[in-house]
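Input: a single structure, listed below in structure tokens.
Please read these numbers as outputs of a predicted model, since none were measured by experiment. Protein chains get the first letters and strands the later ones, always in sequence-line order, with residue 1 at the start of each.
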Amino acid sequence: MRFFERKFTKLARQHQMSNMEDLNFYESVYALAREIPVGRVTSYGALARALGRAGAARMVGYAMGYAGKATPPVPAHRVLNSQGKLSGKAAFGHPMLMQELLEAEGIQVRNDRVVDFKTVFWDPLKEL
DNA sequence: AGTCTGACTGGAG
DNA sequence: TCTCCAGCCAGAC
């Protein structure tokens, strides 16, 4: 059984979803993204790998584009590209909003890049 | 069913 | 460190 299936069954319960058959890819991305702790960040690729879809990083990013409409809320600002850059900032209402949300959680941002990306990086495969 | 499209990624130069 | 490039894959048409 893949990591996704083992871990997500638990997440599905926590989010009061009957079973993972009801979840499409986007919803599973959102459920996993909601597990990112405050003050930590992860990458599109890391989420894709954790969901058993290594290589589907682009779809994770595409899914985040619709995250604003998801309930419960998805902390989309905690998802960055593999270099720690705020590649999705344009999708937030105000161009600086993504950075402001991160800074409000104690994460330093400089030149569209998270400072100390490696130390605040959250890998669902290792920490969930 | 075929084509196009990215909030991506890792490697090469 | 940066840019370019080919591979990536689920949705939207």
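- For R58(A) and dG7(C), a side-chain-to-base donor-acceptor distance below 3.5 Å is present, hydrogens and geometry of angles not being considered.
- The residue A90(A) sits apart from the nucleic acid: no heavy atom pair falls under 4.0 Å.
- With a 4.5 Å cut-off on side-chain heavy atoms, D116(A) and F121(A) do not count as touching.
- With dG10(B), dA7(B), dC2(C) as the choices, the nucleotide that has an atom nearest any side-chain atom of M98(A) turns out to be dA7(B).
- Shown here for T42(A) and W122(A), the closest heavy-atom pair between the two residues is OG1-O, 2.8 Å.
- Rounded to an integer number of Å, the gap from L51(A) CG to dC9(C) C1' is 13 Å.
- Along DNA chain C, the nucleotide nearest to Y66(A) and the one nearest to A54(A) differ in position, and the one closer to the 5' end is contacted by A54(A).
- Residue R49(A) contributes atom CZ, which lies 9 Å from atom C1' of dT9(B) at whole-angstrom precision.
- What separates OH of Y44(A) from P of dA10(C) is a distance of 19 Å, to the nearest Å.
- Proximity of a side-chain donor or acceptor of R78(A) to a complementary backbone N or O of A33(A) within less than 3.5 Å is not detected.
- The side chain of R53(A) contributes no N or O atom lying less than 4.0 Å from OP1 or OP2 of dC8(B).
- Distance CG (L47(A)) to C1' (dA10(C)): 16 Å, rounded to an integer number of Å.
- A salt bridge links E127(A) with R40(A): the distance from a Lys NZ or Arg NE/NH1/NH2 to an Asp or Glu carboxylate oxygen falls below 4.0 Å.
- Atoms CG (L101(A)) and P (dA7(B)) sit 19 Å apart, rounded to a whole Å.
- Side-chain N/O atoms of H77(A) and Q99(A) include no donor and acceptor closer than 3.5 Å.
- The CZ-P distance, from F25(A) to dA10(C), rounds to 7 Å in whole Å.
- Between the side chain of Y62(A) and the base of dA7(B), no donor-acceptor pair of N or O atoms lies under 3.5 Å.
- Nucleic acid contact for G65(A): base, since at least one base atom lies under 4.0 Å from a heavy atom of the residue.
- Under a 3.5 Å cut-off, the side chain of S43(A) and the backbone N or O of N81(A) do not form any donor-acceptor pair.
- For DNA chain B, the residues of residues 80-89 of chain A within the heavy-atom distance limit of 4.0 Å (strictly under) are N81(A), S82(A), S87(A), G88(A), sorted by number.
- Put simply, the side chain of K85(A) does not reach to within 4.5 Å of the side chain of F117(A), judged on heavy atoms.
- Under the ring pair (Phe, Tyr, Trp, His ring centres under 6.0 Å) criterion, Y30(A) pairs with no residue at all, not counting sequence neighbours.
- With rounding to whole Å, N111(A) atom CG is found 13 Å from dC2(C) atom C1'.
- Rounded to whole angstrom, the span from the CD atom of Q99(A) across to the P atom of dA7(B) amounts to 20 Å.
- E35(A) places none of its side-chain heavy atoms less than 4.5 Å from the side chain of P124(A).
- Residues V115(A) and V109(A) form no side-chain contact, since every pair of their non-hydrogen atoms from C-beta on lies 4.5 Å or further apart.
- Base pairing in DNA chain B yields stems of at least 3 consecutive Watson-Crick or G-U pairs, both distances under 3.5 Å, namely B:2-6 with C:9-13, B:8-13 with C:2-7.
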